[in-house]
Number of protein chains: 2
Amino acid sequence: MNYYTISQLAEQFDISTRTIRYYEERGLISPIRTDSGQRLYTKKDRAVLKLILRGKRFGFSLEEIHEMISLFDNDRTGRKQLEKTIAYGEKKLKEVTERIEDLMQLKQEMESILADFRERLQKLEETE
Amino acid sequence: MNYYTISQLAEQFDISTRTIRYYEERGLISPIRTDSGQRLYTKKDRAVLKLILRGKRFGFSLEEIHEMISLFDNDRTGRKQLEKTIAYGEKKLKEVTERIEDLMQLKQEMESILADFRERLQKLEETE
DNA sequence: ATTGACTTTTACGTAAACGTAAACTAAAAT
DNA sequence: ATTTTAGTTTACGTTTACGTAAAAGTCAAT
């Protein structure tokens, strides 16, 4: 398995190294270290970072994203833990579904407004 | 036409009056005033507020929301203006569409993870 | 071997989006 | 008439999510 350096990841996702270190500060990502203390990121770390950035685009706070990541990450073996995780996952899934519906409604509204504007433009061009 | 007071709107949307005043500070909403200076909100103002809150849920900044609102709000009569507005609207519409696709992918991933967890729980329960 | 690019920690700075408190006015209720 | 209750402005405080700079160590290349 090979590793990414912090600046490689930063470049790939077009974010600053500070940002990546900040996510580590907040406990969202945990790269290993070389003897000299340099951070090294695995593919899994990269995937986590991708998740974080996607969450951000949806307006989730880092705190919320942190919770969601622990869903993917933790090996929750106990039955109680599993049940808890599933319940939490269902809740988050519902939130995501609602957001999608919400967004689709927004999309519809924007489309109808655009259609209206296009019509107006059409009329302007007809009477030229 | 009847009006809402600031605290009525705050209660309806479960936000603070400060928040509503802040949106006004930023030029997102413009209620009329009584002689004594009290703010009164029309249904249209209420609709704008709803739009703002929806935008926020999607992670748009107030600045972006401000731009989008002016799309709905302004009567852009000139042809150049219309064309500009349509172009901007199309751009924003594309962004929204991308976000929907992005969210749907997230949803799928969450669903498959949940399915995995449910399967594990199932196996635990079988060997009881 | 030394320059230059990269990395580390520490720490202070900042913009956005409000929270909160003070000091005051107006409206509603007792 | 006078307490509540709700509203106003002004202004400083706070959290989140980083930006930025300093001081020092490390890696890569000439």
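Note on naming: letters A, B, ... go to the chains in the order of the sequence lines (proteins, then strands), and numbering restarts at 1 for each one.
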ask   = Counting only side-chain N and O atoms of R39(B), is one of them less than 4.0 Å from OP1 or OP2 of dG7(D)?
value = no

message = By the 4.0 Å heavy-atom rule, please label T34(B) as base, sugar-phosphate, or nothing.
response = nothing

inquiry  = Need two values: the first and the last nucleotide of DNA chain C, 5' to 3', having an atom under 4.0 Å from any heavy-atom of chain A.
reply    = dC6(C) to dA11(C)

key: Euclidean distance, L124(A) CG relative to E126(A) CD, rounded to 0.5 Å   = 9.5 Å

inquiry  = I need the CD-P distance between E25(B) and dT9(D), as an integer number of Å.
reply    = 9 Å

task = Report the C-alpha distance between E67(A) and K84(A) in whole Å, list the side-chain angles of each, state the deciding distance to 0.1 Å, and finish with yes or no for salt bridge (Lys or Arg N to Asp or Glu O under 4.0 Å).
result = CA-CA 13 Å; E67(A) 284 178 344; K84(A) 242 181 100 180; over 6 Å; no

message = How long is the straight-line distance from CD1 of I52(B) back to CZ of F13(B), given to the nearest 0.5 Å?
response = 9.5 Å

ask   = Is any side-chain heavy atom of R54(A) less than 4.5 Å from a side-chain heavy atom of F60(A)?
value = no

ask   = Does some side-chain heavy atom of D45(A) sit less than 4.5 Å from a side-chain heavy atom of Y3(A)?
value = no

ask   = Quick one: R26(A) CZ to dT15(D) P, roughly how many Å, whole number?
value = 12 Å

key: Protein-nucleotide distance (Y22(A), atom OH; dT16(D), atom P), rounded to Å   = 7 Å

task = Could you tell me whether D116(A) atom CG has more than 12 heavy atoms of other residues or ligands within 6.0 Å of it?
result = yes

Non-hydrogen atoms of L121(B) and E83(A) that approach each other most closely = CD2-CG, 3.8 Å

ask   = Is the count of non-hydrogen atoms from other residues, nucleotides or ligands lying under 6.0 Å from E95(A) atom CD greater than 12?
value = yes

inquiry  = Taking L106(A)'s backbone N and O only, do any of them form a donor-acceptor pair with E109(A)'s side chain (distance below 3.5 Å, no angle check)?
reply    = no

query = Does OP1 or OP2 of dT9(D) have a side-chain N or O of R33(B) closer than 4.0 Å?
reply = yes

task = Using a heavy-atom cut-off of under 4.0 Å over every strand shown, decide if S16(A) touches base, sugar-phosphate, or nothing.
result = sugar-phosphate

inquiry  = Whole angstroms only, please: what is the CG-C1' distance between D35(A) and dC27(D)?
reply    = 14 Å

Heteroatom pairs (N/O) under 3.5 angstrom, protein to nucleotides 1-5 of chain D:
none

remark   = When T5(A) and Q38(B) are each assigned the nearest nucleotide of DNA chain C, the 5'-most assignment goes to T5(A)

ask   = If each of I6(B) and R18(B) is mapped to the nucleotide of DNA chain D with the nearest heavy atom, which maps nearer the 5' terminus, i.e. the 5' end?
value = I6(B)

ask   = Closest nucleotide of DNA chain C for S61(B) versus for S36(B): which of these residues is on the 5' side?
value = S61(B)

